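The chains referred to below are lettered A, B, ... by the order of the sequence lines, with proteins before strands, and numbering in each begins at 1. These numbers come from a predicted model, not from an experiment.
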Amino acid sequence: YETFGAAPNDLPANDHLDWLESEAIHIMREVVAETLNPALLFSGGKDSIVMLRLAEKAFRPDRFPFPLLHIDTGHNFPEVIAFRDRRAAELGEKLIVRSVQASIDAGRVVLRRPDESRNVYQTATLLDAIREFEFDALFGGARRDEEKARAKERILSHRDEFGQWDPKNQRPELWDLYNARLHKGEHFRAFPISNWTEFDVWQYIAREKLAVPGIYFAHDRLVVVRNGLLAPITDITPPRAGETAVTRTVRFRTVGDITCTCPVLSDAATVEEILVETAITRITERGATRMDDQTSDASMELRKKEGYF
Amino acid sequence: MATVDTLRFTTAGSVDDGKSTLIGRLLYDTKSILEDQLLSIENTTAKRGGHVGKLGVDLSLLTDGLTAEREQGITIDVAYRYFATQKRRFIIADTPGHEQYTRNMVTGASTADLSLILVDAGKGLQTQSRRHAIIASLLGIPHVVVVVNKMDLTDYSQEVFNKIREEFIAFARTLDFAEIDFIPVSALEGDMVVDRGNQLDWYQGPTLLELLETTQAAKNAAGDFRFPVQLVAKAKLGTNDNSRAEYRGYMGRIESGRVSVGDRIAVLPSGLAARVRDIVTLDGSLATAAAPQSVTLLLDTQIDISRGDMFAHAGALPTVTRQITANLSWMSAQPLELSRRYLIKHTTQTVRVLLEGIDFRLNVNSLARETGITTFKLNDIGRVRLKTLRPLMVDSYRANRATGCFILIDEVTHQTVAAGMILGDNADGACPAA
Ligand SMILES: Nc1nc2c(ncn2[C@@H]2O[C@H](COP(=O)(O)OP(=O)(O)O)[C@@H](O)[C@H]2O)c(=O)[nH]1
């Protein structure tokens with residue numbers, strides 16, 4: 001890969017990654033210019049790792065004009081949490097962590113079962129954090145190719161005072177002109193990598209030589225087969241009655257909450273091998289890895305309406 | 001890594017012309033459908049029945065969106081879909097066809113290089129087809145492809161196809177397209193979408209996919225240099241020549257054209273002159289940069305510059321003006337009120353604007369100009385005169401999409417109420433009714 005404009009009279013390489021990158025930088029700068037108190041959601045996952053790189057591209061040598069925010073379910077993979085902290089420190093940027101456990105302790109979140117997935121409960125903690133810091137815009141790494149409800153999401157997506165998304169009443173979004181006007185208590189979710197696909201994300205990680213947590217690469221792991229998915233066996237997620245754990249060579253395609261994120265069988269040990277695998281894969285990212293989306297066809301849409309990421 | 005570019009296109013058609021089936025077919029035949037998606041639509045087909053063709057699954061379910069839509073059996077909003085072939089990456093803005101959602105069509109068209117207009121072979125050109133063409137023209141889409149679908153229901157008849165083609169050509173003479181193509185297809189059976197099939201041998205042109213893969217995508221690098229300032233960097237930047245001087249960095253995206261170190265530029269609206277000292281990116285300094293790159297520019301002189309200012313080459317300036325004539329597409333359920341407070345967002349400026357008058361409303365079915373109009377309702381399109389509180393740096397939309405477009409925002413509700421396309425001096429450029 002060559003950077004743009006090496007030869008003065010040549011058009012820059014018409015690489016779609018350059019186009020996607022520039023679009024994302026433009027969006028980040030617009031949102032920073034037009035909102036008072038943004039934050040960037042950073043989980044240590046691949047999409048948010050790309051988001052941090054884009055923030056560097058947009059704002060260096062300045063500090064980021066926003067803190068990083070992570071909503072920790074308490075059920076995240078330890079290597080991802082370690083990665084999160086290391087990356088924030090390397091960048092010298094402020095990381096705010098708010099935990100679902102604290103919301104549970106404070107009685108703001110009540111679990112139906114102790115081993116229940118905490119994924120949906122992130123919404124309460126997230127909305128509390130937005131109120132606590134008076135954030136008026138949150139950058140997220142969601143992509144439109146991930147899921148049906150996401151396909152209709154605006155790049156700058158409005159949320160009411162209750163954090164709710166109203167898909168039927170979204171502001172029209174034309175050209176690259178983002179309407180960032182808010183009333184008090186409302187906020188935006190901003191999605192600079194809306195137009196990226198899973199493959200673009202891995203291509204960009206390869207091009208920029210970005211580090212990602214080790215669990216994205218092939219490793220041996222104890223799993224059980226459950227509803228056609230490989231469920232990881234951990235302290236938090238022991239085998240259920242009648243299940244036998246087996247060791248398989250797997251990797252994660254997404255790294256969400258342990259209780260609802262599943263690895264896939266894979267021997268891909270490098271970013272290049274992941275790219276090859278992603279190019280020929282026959283199952284969607286969420287279909288292969290997310291128990292929460294399988295609950296019903298509309299589950300992402302319902303969660304998003306209530307204020308989920 | 002192979003170099004590929006991206007083509008953005010919209011799809012429009014009346015309800016039931018087969019738009020969802022066509023997109024499903026494109027995705028399916030380019031192998032963009034993954035197993036779990038296919039399984040999910042197979043299950044739904046089995047549950048609900050539906051039109052399945054030889055393939056045995058209802059491909060329209062692939063683009064089936066939100067629950068609310070499924071309940072009503074219609075598509076209510078713009079959805080974006082992604083697929084790629086060896087040659088190109090595609091972004092489809094999938095917009096609904098029924099009348100009350102013209103605003104979504106305008107939205108989808110605003111970023112498109114090409115528009116697919118679906119016509120049901122059995123029904124022929126409809127009022128809706130004309131409306132779609134007019135909107136595509138108004139939004140400056142240079143290339144439309146008229147996809148005559150359901151050819152299987154008319155025995156793949158060449159006469160039926162030719163009749164639609166001639167009718168469309170006659171109608172489109174008044175519009176502003178650089179290129180119009182016509183393709184006969186059966187989305188249901190897959191003829192002439194990705195594969196040629198064996199029913200349409202009288203048609204010699206490319207398949208739909210071949211056409212999409214080879215048509216020219218937008219090339220903004222060709223126009224005059226336009227650089228709206230988004231932000232001013234906090235840190236002062238030194239340069240790579242070890243001099244002690246420190247410079248402010250101006251962050252923005254090159255919307256059109258190109259710029260090189262040493263170029264003489266004008267800072268607008270003040271008109272003060274400067275030279276480009278450095279083009280900074282995280283990956284190092286550049287000698288030249290071009291649209292659509294996002295960069296940080298340093299100038300050789302200290303000038304007071306802030307967000308909303310624009311850089312351009314001294315010899316090729318945009319118009320600096322507070323008076324604008326524009327085509328306007330009204331997007332709000334709340335009608336336009338001439339006395340109400342609106343903001344205009346144009347490039348990186350947001351300023352208060354007065355609507356001085358409505359010249360006419362365009363009848364998007366007949367192209368007639370209706371005068372004596374004092375308001376626009378949702379989905380109305382027409383020509384207005386605006387006066388802005390501060391000067392804007394504009395080009396006609398036809399000359400430059402990025403510096404010729406704007407949105408209007410209601411100052412009280414904060415809704416985006418309209419999309420505008422600025423007309424040039426002779427005021428007729430982008431209006432198809434001219
Ligand atoms: N015979 C035939 N039927 C088609 C074709 N394309 C779509 N249809 C049917 O027309 C109906 C409407 O199609 P759909 O894709 O849902 O239309 P939309 O409302 O434009 O998205 C469905 O019953 C389709 O199966 C075609 O090429 N031939």
Interatomic spacing from [atom1] in [X] to [atom2] in [Y] - rounded to 0.5 Å:
{"X": "B/T6", "Y": "A/E23", "atom1": "OG1", "atom2": "CD", "value": "9.5 Å"}
{"X": "A/Y178", "Y": "B/T416", "atom1": "OH", "atom2": "OG1", "value": "12.5 Å"}
{"X": "A/D176", "Y": "B/C405", "atom1": "CG", "atom2": "SG", "value": "7.5 Å"}

Residue pair [X] / [Y]: nearest heavy atoms and the distance that separates them:
{"X": "B/F406", "Y": "A/W175", "value": "O-CZ3, 3.4 Å"}
{"X": "A/L174", "Y": "B/S110", "value": "CA-OG, 3.5 Å"}
{"X": "B/M251", "Y": "A/A58", "value": "SD-O, 3.7 Å"}
{"X": "A/A33", "Y": "B/Q230", "value": "CB-O, 3.9 Å"}
{"X": "A/P172", "Y": "B/T107", "value": "CB-OG1, 3.8 Å"}
{"X": "B/Q293", "Y": "A/S22", "value": "C-OG, 3.4 Å"}

Between [X] and [Y], is any pair of side-chain heavy atoms under 4.5 Å apart?
{"X": "A/K57", "Y": "B/D283", "value": "yes"}
{"X": "B/L282", "Y": "A/R53", "value": "yes"}
{"X": "B/E255", "Y": "A/H26", "value": "yes"}
{"X": "B/T413", "Y": "A/R181", "value": "no"}
{"X": "A/E30", "Y": "B/T348", "value": "yes"}
{"X": "B/P292", "Y": "A/W19", "value": "yes"}

Does any heavy atom of chain B fall under 4.5 Å from the side chain of [X], the backbone, both, or neither of them?
{"X": "A/R63", "value": "neither"}
{"X": "A/F199", "value": "neither"}
{"X": "A/A24", "value": "neither"}
{"X": "A/E34", "value": "side chain"}
{"X": "A/R144", "value": "both"}
{"X": "A/H158", "value": "neither"}
{"X": "A/L20", "value": "side chain"}

Using non-hydrogen atoms and a 4.5 Å limit, figure out which bit of [X] sits close to chain A: side chain, backbone, both or neither.
{"X": "B/V417", "result": "neither"}
{"X": "B/V259", "result": "neither"}
{"X": "B/S332", "result": "neither"}
{"X": "B/I407", "result": "both"}
{"X": "B/I279", "result": "neither"}

Polar side-chain atom of A/D62 near backbone of B/K234 as donor-acceptor pair, under 3.5 Å: yes

A/N179 and B/Q415: side chain to side chain contact (heavy atoms under 4.5 Å, CB included), yes or no, with the steps? CA-CA 8 Å; A/N179 172 357; B/Q415 285 298 320; 5.8 Å; no

Would you kindly say whether A/N195 and B/Y82 are connected by a side-chain donor-acceptor distance under 3.5 Å? yes

What orientation do B/H414 and A/H183 show, parallel under 30°, tilted 30 to 60°, or perpendicular over 60°? parallel

The side chain to side chain contact (heavy atoms under 4.5 Å, CB included) partners of A/D160 (sequence neighbours excluded) come to A/F162, A/Q164

Does this structure show an ion pair linking B/R81 with A/D145, if we count only N-O contacts that are shorter than 4.0 Å?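 So B/R81 does not pair with A/D145 through a salt bridge.
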
Between B/R89 and A/D200, does any side-chain N to carboxylate O distance fall below 4.0 Å? yes

Just jot down the ring pair (Phe, Tyr, Trp, His ring centres under 6.0 Å) partners of A/Y204, sequence neighbours excluded, or say none. A/W196

